[in-house]
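For clarity, every value in this text was computed on a predicted model and none was experimentally measured.
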Amino acid sequence: VQLQASGGGLVQPGGSLRLSCAVSGGIFSTYVMGWYRQRPGKQRELVANIATGGSTNYADSVKGRFTISRDNAKNTVYLQMNSLKPEEKAVYYCLAWGTKGYWGQGTQVTVSS
């Protein structure tokens, strides 16, 4: 199973980005998909996840601003991030969880003016 994350970049505070994570191999529809981030000097933390049936879960800090979604036909999970804050600069990783977890390579998000 391979995961390819994309969509990171530089955005101004208050701006938006949409991350994508394409999964190849395995059966995408059977995976719980998640987005995590690792801020400089911090441990990796959960941002959001989405179950096979579409139910979602968010870290308190992103509720109301971030939206996770999945397209099983495209084997892709998305993270729409709005109203970004400078402290959300991080490497964002996607995770596919089946009988075990598979990580993508990460995509850098920088929030700065």
Are any of the side-chain heavy atoms of Ser24 and Asn75 separated by less than 4.5 Å?
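Of all side-chain heavy-atom pairs linking Asn75 with Ser24, none is under 4.5 Å.
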Can you find a heavy atom in the side chain of Met81 that is under 4.5 Å from one in the side chain of Arg65?
no
If you count the non-hydrogen atoms of other residues, nucleotides and ligands that lie under 6.0 Å from [atom1] in [X], is the total more than 12?
X	atom1	answer
Ile27	CD1	no
Gln43	CD	no
Gln105	CD	yes

Grab the two heavy atoms, one from [X] and one from [Y], that are nearest each other, plus how far apart they are.
X	Y	answer
Ser16	Asn82	OG-OD1, 2.9 Å
Ile68	Tyr58	N-OH, 2.9 Å
Gln108	Val91	OE1-CG2, 3.3 Å
Thr52	Tyr31	CG2-O, 3.7 Å
Arg70	Val32	NH1-CA, 4.3 Å
Pro40	Lys89	CD-O, 3.6 Å

Find the distance between [atom1] ([X]) and [atom2] ([Y]) and round it off to the nearest 0.5 Å.
X	Y	atom1	atom2	answer
Thr110	Leu84	OG1	CG	10.5 Å
Leu3	Phe28	CG	CZ	8.5 Å
Met33	Asn49	CE	CG	10.5 Å
Tyr92	Leu79	OH	CG	7.5 Å
Phe66	Ser83	CZ	OG	9.0 Å
Leu10	Gln12	CG	CD	8.0 Å

Hydrophobic cluster membership, with links at side-chain heavy-atom distances under 4.5 Å among I/L/V/M/F/W/Y: are [X] and [Y] in one?
X	Y	answer
Trp103	Val77	no
Tyr102	Tyr78	no
Leu46	Trp35	no

For Tyr93 and Ala5, indicate whether the former's side chain and the latter's backbone hold a donor-acceptor pair under 3.5 Å.
no
Look only at the side chain of Arg44 and the backbone of Tyr36, and say whether a donor-acceptor pair between them is shorter than 3.5 Å.
no
Residues Arg39, Glu87: salt bridge by 4.0 Å N-O rule:
no
Is there a side-chain contact (heavy atoms from CB on, under 4.5 Å) between Val62 and Arg37 once you walk through the steps?
CA-CA 12 Å; Val62 307; Arg37 65 188 177 192; 4.0 Å; yes
Holding to salt bridge (Lys or Arg N to Asp or Glu O under 4.0 Å), I want the full list of residues that pass it with Lys100, two or more places apart in sequence or in another chain.
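Counting only residues at least two positions away or on another chain, Lys100 forms no salt bridge (Lys or Arg N to Asp or Glu O under 4.0 Å).
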